[in-house]
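The next block holds one structure in the form of structure tokens; read it before the comments.
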There are 2 protein chains.
Amino acid sequence: MAYRETEKMRKRKAEARQRILTCAYQCVAQSGFRSARVTTIAALAGLATGTIYRHFESKEDLFAEIFRLATQREVDKVAEALATEGDATVRLEAALRQFAERALRGPVMAWSLIAEPADPKVEEERLAYRKAYARLFETAISEGMEESCIPQQDARQSSTCLVGAIAESLVGPLSPAQAGSQPEAKHHNNDPLVDSIIRFCMQGLTGTRR
Amino acid sequence: MAYRETEKMRKRKAEARQRILTCAYQCVAQSGFRSARVTTIAALAGLATGTIYRHFESKEDLFAEIFRLATQREVDKVAEALATEGDATVRLEAALRQFAERALRGPVMAWSLIAEPADPKVEEERLAYRKAYARLFETAISEGMEESCIPQQDARQSSTCLVGAIAESLVGPLSPAQAGSQPEAKHHNNDPLVDSIIRFCMQGLTGTRR
DNA sequence: ACAAGAAATGAATAGTGATTCACTACTTCA
DNA sequence: TGAAGTAGTGAATCACTATTCATTTCTTGT
């Protein structure tokens with residue numbers, strides 16, 4: 001016997017894998033899934049094309065993983081906003097705001113996550129992603145109903161509507177056609193667009209004019 | 001000179017074009033854009049593959065046109081529902097219901113129109129399609145504000161939220177993963193799903209609990 | 001240093017389907 | 001009927017990239 005995988009090698013492989021993910025992420029964040037090429041990613045990572053395939057089954061799998069990562073990041077932020085002080089409506093409002101503002105700040109990635117056409121495996125992840133948001137909101141709505149600051153309703157259905165209303169409102173501003181028109185480093189805090197989305201959503205939830 | 005396009009020929013060509021559209025429509029309604037093949041469509045229309053290209057620039061163009069047609073049909077129906085008697089809220093509610101119920105009745109086409117990944121030109125049409133709905137709703141909302149049965153708000157923004165909330169709520173039930181589970185000839189009138197979507201939407205609009 | 005194996009390489013391959021185009025068949029009109 | 005022009009045909013081509021794999025380079029333990 002002569003070669004056995006050692007800790008050092010394991011680590012190096014893990015690093016390579018990580019680097020691939022990072023570079024692929026970068027590609028996608030820069031111009032979406034559609035135009036991301038395996039060859040480009042490999043070059044960017046300083047690896048040969050074939051090497052990608054030692055770390056990932058297929059391009060689709062790689063992309064699905066990127067999607068999962070990007071998603072996790074977003075969902076975590078929203079979960080965080082949802083975990084602050086205040087009654088359910090306050091927390092939900094903060095969460096919706098977080099969702100919308102983050103999307104407006106990273107429009108290409110947001111668009112890829114929300115609306116860009118993609119391969120089946122990625123689409124699957126997308127459904128999961130939307131469900132993750134919906135679940136988060138659903139829980140908060142249920143809590144709100146218990147605290148009775150939100151009237152009785154089908155929490156799952158309402159959360160789906162929330163996700164839809166926000167996503168749709170963002171598609172216009174996010175879609176690549178509009179890409180150039182967004183001045184780069186805009187803050188998007190207190191964006192009136194975000195305010196009116198949130199007003200609609202909160203009204204839909206509470207049935208209370210604001 | 002010997003051959004000049006005559007009325008008869010013009011008509012025959014128009015018919016062929018129409019037939020292509022019909023067959024393509026059928027393909028899409030049956031299994032979506034992704035799996036529709038130019039060759040299949042040609043065969044279905046009783047034409048050679050190449051003939052398709054005498055009538056349409058490219059597959060993308062053909063599909064964009066189908067999308068436009070299908071869209072027009074749907075939008076017209078919603079416009080119709082919006083043109084009935086009653087105050088703005090009543091009419092809007094009827095329109096939303098029409099939108100949702102029609103989608104549930106023709107799930108494959110609805111999914112293609114709402115969510116199926118597609119080529120850029122088709123995606124462009126999709127944006128237009130969603131905007132067409134939004135515009136319709138927007139007008140009704142504005143009317144409602146004048147009639148003061150709907151409180152003051154950004155009508156465009158709200159209409160976008162409506163479209164998003166409905167579309168998102170339908171994606172789950174329509175997505176091909178669920179396809180088999182829908183018993184074929186279900187009525188979808190008084191579907192509780194539709195009711196709760198509509199409740200959310202109308203609350204969002206009016207801020208009035210129902 | 002060497003043998004045994006693992007990892008990396010990247011040019012060549014392959015699958016997929018849209019699109020082309022040289023050719024045939026048809027239409028028109030004198 | 002025949003010349004001129006148009007429509008229809010469909011097998012062959014092309015474009016695009018993901019993926020493969022024979023070969024090379026690197027690691028490891030003796």
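Labels below follow one simple rule: chain letters A, B, ... track the order of the sequence lines, proteins then strands, and each chain is numbered from 1. Predicted model only: the values in this text are computed from it and were never measured.
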Does B:Leu47 reach a base, just sugar-phosphate, or nothing at all? Heavy atoms under 4.0 Å. sugar-phosphate
Report the distance from atom OG1 of A:Thr71 to atom CG of A:Asp76, rounding to the nearest 0.5 Å. 10.5 Å
Rounding to a whole Å, what distance do you find between A:Glu7:CD and D:dT28:P? 11 Å
Name the residue from A:Leu136, A:Leu92, A:Thr89 that meets the side-chain contact (heavy atoms from CB on, under 4.5 Å) definition with A:Ile141. A:Leu92
Length of the CG-C1' vector between B:Asp61 and C:dT19, whole Å: 13 Å
Cationic tip of B:Arg73 above B:Tyr25 ring, under 6.0 Å, 45° of axis: yes
For the pair made of CZ in A:Arg4 and C1' in D:dT30, what is the distance, rounded to whole Å? 15 Å
Just wondering, do B:Lys77 and B:Phe99 contact through their side chains at under 4.5 Å, heavy atoms? no
Taking side chain to side chain donor-acceptor pair (under 3.5 Å) as the definition, give me every residue that meets it alongside A:Arg54, ordered by chain and number, with sequence neighbours left out. none
Report all interatomic pairs (protein N or O, nucleotide N or O of nucleotides 23-27 of chain C) with separations under 3.5 Å.
{"residue": "C:dT27", "atom": "OP1", "partner": "B:Arg12", "partner atom": "NH2", "Å": "2.9"}

With no hydrogens and no angle check, do the side chains of A:Ser158 and A:Gln153 hold a donor and an acceptor under 3.5 Å apart? yes
Rounded interatomic separation in angstrom, taking CZ from A:Arg10 and P from D:dT27: 16 Å
Check the orientation of A:Tyr133 and A:Tyr129. Use parallel for under 30°, tilted for 30 to 60°, and perpendicular for over 60°. perpendicular
Give me the distances for all protein-to-nucleotides 17-21 of chain D N/O pairs that come in under 3.5 Å?
{"residue": "D:dT17", "atom": "OP1", "partner": "A:Arg37", "partner atom": "NH2", "Å": "2.9"}
{"residue": "D:dT17", "atom": "O5'", "partner": "A:Arg37", "partner atom": "NE", "Å": "3.2"}
{"residue": "D:dA18", "atom": "OP1", "partner": "A:Lys59", "partner atom": "NZ", "Å": "2.7"}
{"residue": "D:dA18", "atom": "OP2", "partner": "A:Val38", "partner atom": "N", "Å": "3.2"}
{"residue": "D:dT19", "atom": "OP2", "partner": "A:Tyr53", "partner atom": "OH", "Å": "2.7"}
{"residue": "D:dT19", "atom": "OP2", "partner": "A:Lys59", "partner atom": "N", "Å": "2.8"}

